K.L.:
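My structure is below; once you've seen it, I'll send some questions.
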Protein chains: 2
Amino acid sequence: MEIVSENTCFGGVQGVYKHASAACQCDMTLAVYLPPQAKLKKVPVLWFLSGLTCTHDNAMTKAGAQAWAAKYGIALVFPDTSPRGEGVADDDAYDLGQGAGFYVDATQKPWAPHFNMWTYATRELPDLVATEFPVIEEKQGITGHSMGGHGALSIAMTLPDRYTSVSAFAPIANPTASDWGRKQLGAYLGADEAAWVPHDASLLMVERGFHNPVLIDQGTADNFYDLLKPQALADAIIERKQAASMRMQSGYDHSYFFIQSFMQDHVKFHAELLK
Amino acid sequence: MEIVSENTCFGGVQGVYKHASAACQCDMTLAVYLPPQAKLKKVPVLWFLSGLTCTHDNAMTKAGAQAWAAKYGIALVFPDTSPRGEGVADDDAYDLGQGAGFYVDATQKPWAPHFNMWTYATRELPDLVATEFPVIEEKQGITGHSMGGHGALSIAMTLPDRYTSVSAFAPIANPTASDWGRKQLGAYLGADEAAWVPHDASLLMVERGFHNPVLIDQGTADNFYDLLKPQALADAIIERKQAASMRMQSGYDHSYFFIQSFMQDHVKFHAELLK
């Protein structure tokens, strides 16, 4: 793993690293924040999956998470949102291809050889992070924003043995019923909608739920409210009788100004479950 | 004044605004954060002056200041660092021209008609902010980073009646003796070094000092340590017997990861003096 940069931040280290990914068949970049506590002992780890158009950089720079990770003593991992590079397929649209991996393993051309973000985020990268950084493998939480909120929820409900805690900021909550979802799941997984079902947080919530309380924040002034379908997730939580806080945050939109406003709540929520 | 964007953030509003500047003879963009307290009453205001290459956007996005401005109930203003636009002079170097106004009023060609950041930051913009936003004109503090730390210190010591409090992150502390300073002061103010003296924080500290304690943070791993000349400012503080905390922060560099790590201390420092 190659060190791209390391900066002291809140007494810990904010690093950016590059590695050759077997899952994505290209070089991948990620950001890892180690709190000061990690100098003395292994710490729990919170994954932050980012949204459409983002790289590892956006949340690392704008989510204001390091202050709270340092306070509560947990590491943060910010993966990229797709494979990248010259040999990797792409699309002119902002919401397909590079920057829009959707946390699935593509089965369709031209995406299949590289777009394996499910395997990357759930297997390759957790193994790498556990090997390279002082994190406790048994104490992992996962969160994310928008497409990354979809990723966090679908991954956590599918792999409950791996993740102790899950939360999301304005997640794409019902992708099988939204233009943010049908387009991408169709492109990456094909026309058979049965293959989409394991990647829909609202359907997973009804079918599987999660073994710990779930925290969701959704802004009422979100520019993409209709695409996110929070009502489907709310209905699913009710139907499942899932322990959850789904908070409608008055006046907040889809931006990082929204995310940073509630980041402390999320990091604290994970830290307490990961104790 | 034109609203470019407004986002809810920590219960307040992070706005970006554009206006025609008389001082700079061009359109100027600035960011203003109003904390939730400003919905009910006027609040004190803290100016954050940014460094070389920055716009209004960098600190607004990456300094993590809104959390603390909301907590302590003060407004933030992030001005741009120079005039901009097609008719405005520029230079290929990153440290001269657009993005590098140095908080002086240029007297030399080709800079003189537009590069009046001293007048802009100390007169035009304070008047505009006091007119357009619910801030208490008698309660103003000023801080900044690098070139903006130079600006904050030189402005506050020159206009002590205006500013109750001043602090700085890794300021250009002795520009008359540094390549970060001699180049720009020479270009904007001409070869006569007597004109540079009123813009050197270390010289001003010896001559004038400040009527309240001053807070300076400087990273020991700062990539630009030699250009910033913190030792000159430390010597000046000692010579003046200025009430001050000049803190050497171990391992921190010149980045926003450094700034955000100590932003709470600075906002709290200003808020307490502005009470």
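A, B, ... follow the sequence lines: proteins, then strands. Residue 1 opens every chain. Quantities reported herein were computed from a predicted structural model and do not represent experimental measurements.
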K.L.:
More than 12 heavy atoms of other residues, nucleotides or ligands under 6.0 Å from CG of A:Asp179: is that the case?
P.N.:
no
K.L.:
For chain A, find its close neighbours in residues 62-77 of chain B: heavy-atom separation under 4.5 Å, sorted by number, or none.
P.N.:
B:Lys62, B:Gln66, B:Trp68
K.L.:
Against chain B, label A:Gln14 side chain, backbone, both or neither, depending on which of its atoms sit under 4.5 Å from a heavy atom there.
P.N.:
side chain
K.L.:
Count the heavy-atom pairs under 4.5 Å between each of B:Gly219, B:Ser261, B:Ala221, B:Gly11 and chain A, then report the option with the highest count.
P.N.:
B:Ser261
K.L.:
Between atom OH of A:Tyr252 and atom SG of B:Cys9, what is the distance when rounded to the nearest 0.5 Å?
P.N.:
7.0 Å
K.L.:
The test is side-chain contact (heavy atoms from CB on, under 4.5 Å); show your working for B:Phe257 and A:Glu6 and say whether it passes.
P.N.:
CA-CA 10 Å; B:Phe257 294 114; A:Glu6 289 188 329; over 6 Å; no
K.L.:
Checking heavy atoms, do the side chain of A:Met263, its backbone, both or neither come under 4.5 Å from chain B?
P.N.:
neither
K.L.:
Contact part of A:Tyr256 toward chain B, heavy-atom cut-off under 4.5 Å: side chain, backbone, both or neither?
P.N.:
neither
K.L.:
Check each atom of A:Asn7 against the heavy atoms of chain B and say whether the ones under 4.5 Å are side chain, backbone, both or neither.
P.N.:
both
K.L.:
What part of B:Ser255 is in contact with chain A, defined as an atom under 4.5 angstrom from a non-hydrogen atom: side chain, backbone, both or neither?
P.N.:
side chain
